[in-house]
Amino acid sequence: MICDNITSKDGILYFAGQNTVELAKKYGTPLYLMDEDKIREKCRSYKKAFEKHFGPEAQPLYASKANCFKRIYEIMAEENMGIDVVSSGEIYVALKAGFDLSHAYFHSNNKTDEDIAYAIENGIGYFVADNVEEVKAVEAEAAKRGIKQKLILRLTPGIDPHTYEAIATGKVDSKFGTPIETGQADEIVEFTLKQEHVILDGFHCHVGSQVFGEDIFERAAEVMLEFTAHMRDKVGYTARVLDLGGGYGVRYTENDPYLDIETKVGQVAEVIKATCQRLNLEVPEIHMEPGRSIVADAGMTLYTAGTVKIIPGYKNYVSIDGGMPDNPRFALYGSDYTCLPANKMDEKRDFECSIVGRCCESGDIIQEHVMMPSSIGRYDTVAVCTTGAYNYSMASNYNKLPRPAVVMLKGGNENYLVVKRETFEDLIRHDL
Ligand code: LLP
């Protein structure tokens, strides 16, 4: 199986030690499952690797855009993780979960004045300023309040992460960050240092997501450290913090490699230490912002199959009771997924089909070329693995489908609701 929390027994699929068919019956479908133990295990691997390689100050921050609801912020607080937030909405949810915002880093390439005011009001730890305009806006808001606001600068190191285009962000031609190559990074650092109400505490980069490339993070770290040394030599400013963003890839299918977090962090650490030595720099406080690699394989979505359509000589379709509104990733990126017949795990899988949603749109596909048992049909439970990242957080109400519930699984036998299934009433909540 693609992850150690997926097993089967007597023809039934188990996730995090629990019978998925029973869970589908208990909570209904479509249903998002989240494995709390797996989330905590991933947080702990990051914490342990950071502590081992960079010391106690170094910080993994959970990129909460990957999956954002109150309970996840509670878990992050309990695991002593910092967080990366990207909107006032995410800040609001974190606050409602009682998360201490001094451990939060506020991203995004276009924070409004209202966002900035809201974040400062609620004690945001850091802004990650994307561009000069944002530095000016944070300075103005901080000046109004007579405070000094900590901030780090998002720079683009000019690195191609070799992932799909929509989630590659480290190249010079990107809407994110201020490029090093064009000299604009020099300018923004010099500009920020002149501001009275912001404290420049370091640099940030994020090269992309679902990254498997051997040396991508290492190269990004080198470019960032060279820039750090360059600014030290040019203006006498040495960045205290270096944040390398998120991006480690996860296994969606058996073809994807498995990345061991401790090994990967160790490899980056070696390059950072060697580069710092070469440049005569003290090793900065290192941060990373993993999202997907913390929650992706802690998630699974359960659906109930409906119509099976066989078009001889063409293709077979198995329709499920969800689709692109709860998982838009195939439609957007052509993402791979592993789909399993949850109540027929022991049957031979010799029926090739596309697993498709129930929306009025041909692009509403979860996965193509899936092998299912030929008996698959109405009332069977279909599981889609590795849906813990960027599924619930990207879900919509397209075709007025209510968003599914999120259920947390724990300790091999406990399960509890963390987000209720939307009702029809929710669908008209804002209609006048
Ligand atoms: N830090 C920054 C600044 C980011 O922009 C992101 C992701 C992360 C951290 C977390 O990256 P991760 O560890 O999750 O790869 N919706 C797309 C992914 C978009 C990623 C956006 N930024 C998808 O479904 O694949």
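What you see is a predicted model, and the numbers here were worked out from it, not measured in a lab. Only this structure's heavy atoms are used, side chains among them; waters, hydrogens and symmetry mates stay out. Counting starts at 1 for both ligands and their atoms, following the listed order.
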Ring centres of Phe217 and Tyr248 under 6.0 Å apart?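 Under 6.0 Å, so yes.
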Between His206 and His107, is the ring centroid distance below 6.0 Å?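 No - the distance between ring centres of His206 and His107 does not fall below the 6.0 Å cut-off.
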Any non-hydrogen side-chain atom of Leu225 less than 4.5 Å from a side-chain atom of Cys276?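 Heavy-atom side-chain distance check passes, below 4.5 Å.
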Hey, which atoms in ligand 1 end up nearer than 4.0 Å to a heavy atom of [X]?
{"X": "Arg292", "answer": "12 (P), 13 (O), 14 (O), 18 (C), 23 (C), 25 (O)"}
{"X": "Glu289", "answer": "1 (N), 2 (C), 3 (C), 8 (C), 9 (C), 10 (C), 13 (O)"}
{"X": "Ala63", "answer": "8 (C), 9 (C), 10 (C)"}

Is it the side chain, the backbone, both or neither of [X] that has a heavy atom closer than 4.0 Å to ligand 1?
{"X": "His206", "result": "side chain"}
{"X": "Tyr333", "result": "side chain"}
{"X": "Asp84", "result": "side chain"}
{"X": "Pro290", "result": "backbone"}

Is there a polar contact, in the sense of an N or O pair closer than 3.5 Å, between Tyr390 and ligand 1?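 Yes, at least one N or O pair falls under 3.5 Å.
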Polar contacts were defined as any N/O atom of the residue lying under 3.5 Å from an N/O atom of the ligand; does this apply to Arg329 and ligand 1?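 Looking only at distances, the answer is yes, because the N/O contact criterion of under 3.5 Å is met.
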